[in-house]
**Q** 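Next up is a structure, given as structure tokens.
Proteins come first, then strands; the chains are lettered A, B, ... in the order of their sequence lines, and each starts at number 1. Side-chain atoms are counted along with the backbone in the values below, which use heavy atoms only and exclude waters and symmetry mates.
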Amino acid sequence: MSASNIPAGKGPTDNEAPAKGRDFIRTIIDRHMEEGKYDGKVMTRFPPEPNGYLHIGHAKSICLNFGLAAEFGGACNLRFDDTNPSKEEVEYVDSIMEDVKWLGFDWEDRLYYASNYFERLYEYAVQLIIDGKAYVDSLSAEEIREHRGTLTEPGKNSPYRDRSVEENLELFADMRAGKYRDGDHVLRAKIDMASANVIMRDPALFRIKHAVHHRTGDAWCIYPMYDFAHCLSDAIEGVTHSICTLEFENNRELYDWVLDTLGISPRPHQYEFARLNITYTVLSKRKLIQLVEDKLVSGWDDPRMPTISGLRRRGYTPASIRNFCEKIGVAKADSTVDHALLEFCVREDLNESAPRVMGVLNPLKVVIENYPEDREEDFDFPYHPEKEEMGSRKVPFSKILYIEQEDFREDPPKKFFRLAPGREVRLRYAYYVTCTDVVKDENGTVVEVRCTYDPETKGGWSKDGRKVKGTLHWVSAKHALKAEVRLYEKLFQKENPASTKDGTDFKDHLYPESLVTLTDALVEPSLTNAEPGQRFQFERMGYFCADSKDSRPGSPVFNRTATLRDSWARIEKQMNNK
RNA sequence: UGGGGUGUAGCCAAGUCGGUAAGGCAACGGGUUUUGGUCCCGUCAUUCGAGGGUUCGAGUCCUUCCACCCCAGCCA
């Protein structure tokens, strides 16, 4: 179960230099440590509700919680906040565990479920009733809403608010015993219906819900609410710093009320940070689930999804996601991170680790006129130009090759350094070739390029010092392996698709070309046995990952993780704009 | 017209007891280069939401205002 090479209870440490500025949470904990609080040990937890797949926003929280524990000599629990059986499924708990592990974090033996605490939570609720701090309300949901008041007007007490302790105890026991239907009663905290904080207006603590729970089955028909379960679960686990997102700021008062009213000490404290937003995508479970259910994507792990499983299938590395989370920082201001930073993080990692290979996405036939018909050469090319230790592979060369369509222009624009009639370019690591002629089809489209090669330039060097401006990748027609290549782009074409200010729905902004499938790409033969999940750089084209579901030996399928930075595309765009 | 938060460059984000605006991404120049990749070097906030005030000195203190986010689930 434990991810490899990770110190007990900790997360991996990336090679990044420690951030210079500390975020507000670390600053607070620094002070706690100086004051000798918590015996110098920080206890955190990552508490997902198993009602969907984890996304990169969760990765931020995971990195924070596990990271804090590691930095301050503590530990981080994985706790499923499974208090609402109607939304939760084991499929989700399994995927969450897989994703946390894959990210490189280890909760060791500290796997918990709020549902483990149902009995204790029930007892705490009974205690509140005995103390006169909770009561069973028999108003309907609608009546309760009406009694709550508004943001500017105080609420009204429920007529059931002053039931006797005995009556409350009996009612609550009967709720648990299944004597009522959903909605007949609800256990509420007796706080203040006039509180300026609406959350404090006698919040519900337990509700009746006749539903099968993925862990407790039908053992219960009443379930605790988040605000009651979360703080107590934290306390039960000895959590010191309970870190959540900003939308729970208002709930902190209730978090404290429950623990203080029950006299729990020592007790955890809640801190809130801003959730992650990224441009050109959506990061809310509600929206992601819609994309899946409406079949707008192929599933939770569609490589365009911002889910951990989607990013994994896309070819992102755990380290790249961790680095991303470190780079974005932790603060309280609502913010939207540029998707370019995420891309930068994968490229940064893959540039170091991905073996280089050649793959032609949109093939254009090239015939080397002066190369013998029956000749073949087996070149030995390094997997990484700067890392000899990564080894090499054999790449065959022959008379008929394929190059990238966009690497040839019959009428080349300025600054185009690639192949064109009369031009000499280098075929990477192989030979200099000069274009002598083209063959066109009936529509005038160039379907074949005729070249001559210079036998004196073997390896891609010329002894006479002659320079060539372009270097192209290529594959040998006879030896190339056909592959399916899936080119992924951003899922949405609008920077903030979730914004409803213009009256549109986020689904209106899906980018139609977010997936372009190429079925006739040709890759070098060394890729025949690419392992599903294996990552490569297709030289000059980008980073690609053999698809974990569809790739097969002999007929690989590659997902484009990210393109390489492309300054020619930029130059061309600039020229077109002029 | 209630309460809780937040506002530092195009995007994130540091900024200790007030001492004269870190870093990253993006962008833009230039160098190296058998990937128009990588790498390297350089440019990019006289100003910190706005206005007043205190001070020799304010992003940091006081004050007024403005903008944005969250809260009226028996969701989390």
**Q** Could a donor-acceptor pair under 3.5 angstrom be found where the side chain of Glu352(A) meets the base of rU38(B)?
**A**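 Side chain to base: no pair below 3.5 Å.
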**Q** Considering every strand and a 4.0 Å limit on heavy-atom distances, what is the contact class for Glu272(A): base, sugar-phosphate, or nothing?
**A** nothing
**Q** Report which part of the nucleic acid Pro154(A) touches: base, sugar-phosphate, or nothing (heavy-atom distance under 4.0 Å, all strands).
**A**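 The residue Pro154(A) makes no contact with any strand.
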**Q** Please check this pair: side chain of Asp137(A) against backbone of Arg188(A), looking for a donor-acceptor N/O pair closer than 3.5 Å.
**A** no
**Q** Hey, is the main chain of Pro363(A) close enough, under 3.5 Å, to the side chain of Gln405(A) for a donor-acceptor pair?
**A**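 Yes.
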**Q** Counting the atoms with a prime plus P, OP1 and OP2 as sugar-phosphate, which does Asn251(A) contact under 4.0 Å by heavy atoms, base, sugar-phosphate, or nothing?
**A**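 The answer is base, as Asn251(A) lies within the cut-off (heavy atoms under 4.0 Å) of a base atom.
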**Q** Within the distance-only criterion (no hydrogens, no angle test), does the side chain of Thr281(A) pair as donor or acceptor with the backbone N or O of Ile278(A) below 3.5 angstrom?
**A**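 No; judged by distance alone, with no hydrogens or angles, the pair does not exist.
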**Q** Would you measure the distance from the C1' atom in rU8(B) across to the matching atom in rU47(B) and give it in whole Å?
**A** 9 Å
**Q** Is it the case that rU38(B) (base atoms only) and Arg565(A) (side chain only) share a donor and an acceptor within less than 3.5 Å, ignoring hydrogens and angles?
**A**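 Under the 3.5 Å cut-off, the side chain and the base do not form any donor-acceptor pair.
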**Q** Write down the protein N/O and nucleotide N/O pairs, taken from nucleotides 59-61 of chain B, whose separation is under 3.5 Å; answer none if there are no such pairs.
**A**
none

**Q** Could you give the distance separating rU38(B) and rU33(B) at their C1' atoms, to the nearest angstrom?
**A**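 The same atom, C1', in both gives a distance of 9 Å.
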**Q** Under 4.0 Å between any heavy atoms, over every strand shown, what does Phe344(A) touch: base, sugar-phosphate, or nothing? Just pick one.
**A** sugar-phosphate
**Q** Any side-chain donor-acceptor pair under 3.5 Å between Asn77(A) and Glu237(A)?
**A**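 There is such a pair between these side chains.
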**Q** For rC39(B) and rU20(B), measure between their P atoms and round to the nearest Å.
**A** 33 Å
**Q** Tell me yes or no: between the side chains of Ser140(A) and Glu142(A), is some donor less than 3.5 Å from an acceptor?
**A** no
**Q** Tyr429(A) and ring-ring contact (aromatic ring centres under 6.0 Å, His included): which partner among Phe397(A), Phe381(A), Trp474(A), Trp461(A)?
**A** Phe381(A)
**Q** Can you check the distance between rC61(B) and rC28(B), where both ends of the measurement are the C1' atom (answer in whole Å)?
**A**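 Roughly 40 Å separates the two C1' atoms.
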**Q** Would you mind telling me which of rA72(B), rC74(B), rG36(B) lies closest to the side-chain atoms of Val198(A)?
**A** rA72(B)
**Q** What nucleotide among rC70(B), rC75(B), rG3(B) has an atom nearest to a side-chain atom of Glu247(A)?
**A** rC70(B)
**Q** Give me the distances for all protein-to-nucleotides 4-6 of chain B N/O pairs that come in under 3.5 Å?
**A**
unit_1, atom_1, unit_2, atom_2, d
rG5(B), O2', Glu249(A), OE1, 3.3
rG5(B), O2', Glu249(A), OE2, 3.0

**Q** Rounding to an integer number of angstrom, what distance separates rA58(B) and rG18(B) when you compare their P atoms?
**A**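 Roughly 13 Å separates the two P atoms.
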**Q** Pairing donors with acceptors under 3.5 angstrom, does anything connect the side chains of Asn65(A) and Ser61(A)?
**A**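 Distance-only check passes for Asn65(A) and Ser61(A).
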**Q** Check every strand shown and say whether Phe416(A) touches a base, only sugar-phosphate, or nothing at a heavy-atom separation below 4.0 Å.
**A**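 Base: the residue Phe416(A), judged by heavy atoms under 4.0 Å, touches a nucleobase.
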**Q** Mind checking Leu205(A) for me? I need base, sugar-phosphate or nothing, with any heavy atom below 4.0 Å counting as a touch.
**A** nothing
**Q** Give one of base, sugar-phosphate or nothing for Val136(A), where a contact means two heavy atoms less than 4.0 Å apart.
**A** nothing
**Q** Does CD in Glu35(A) sit with more than 12 non-hydrogen atoms of other residues, nucleotides or ligands closer than 6.0 Å?
**A**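 Atom CD in Glu35(A) is crowded, with more than 12 foreign heavy atoms closer than 6.0 Å.
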**Q** When you compare rC25(B) with rC70(B), how far apart are their C1' atoms, in angstrom units rounded to a whole number?
**A** 28 Å
**Q** Could you check whether Trp568(A) and the base of rG36(B) form a stacked pair, meaning centres closer than 5.5 Å and planes differing by less than 30°?
**A** yes
**Q** OP1 or OP2 of rG73(B) versus the side-chain N and O atoms of Arg286(A): is any pair under 4.0 Å?
**A**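 The answer is no; no side-chain N or O of Arg286(A) sits under 4.0 Å from OP1 or OP2.
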**Q** Answer with yes or no whether Arg347(A) presents, from its side chain, a donor or acceptor under 3.5 Å of a partner atom in the base of rG37(B).
**A** no
**Q** I'd like the C1' distance from rA45(B) over to rG7(B), given in whole Å.
**A**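 The same atom, C1', in both gives a distance of 16 Å.
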**Q** As a test of the definition: with a 90° window around 0 for syn, would you call rC17(B) syn or anti?
**A**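 Syn, since the glycosidic angle lies within 90° of 0.
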**Q** Please classify the nucleic acid contact of Ile571(A) as base, sugar-phosphate, or nothing, using heavy-atom distances under 4.0 Å.
**A** base
**Q** From the options rG36(B), rC12(B), rU38(B), select the nucleotide whose nearest atom is closest to the side chain of Thr471(A).
**A** rG36(B)
**Q** If I pick the C1' atom on rG19(B) and the same atom on rG59(B), what distance separates them, to the nearest angstrom?
**A**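 The answer is 13 Å between these two C1' atoms.
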**Q** Report the residue from Phe206(A), Tyr255(A), Phe248(A) that forms a ring-ring contact (aromatic ring centres under 6.0 Å, His included) with Tyr226(A).
**A** Phe248(A)
**Q** Mind checking if Phe248(A) touches a base, just sugar-phosphate, or nothing, with heavy atoms under 4.0 Å?
**A** base
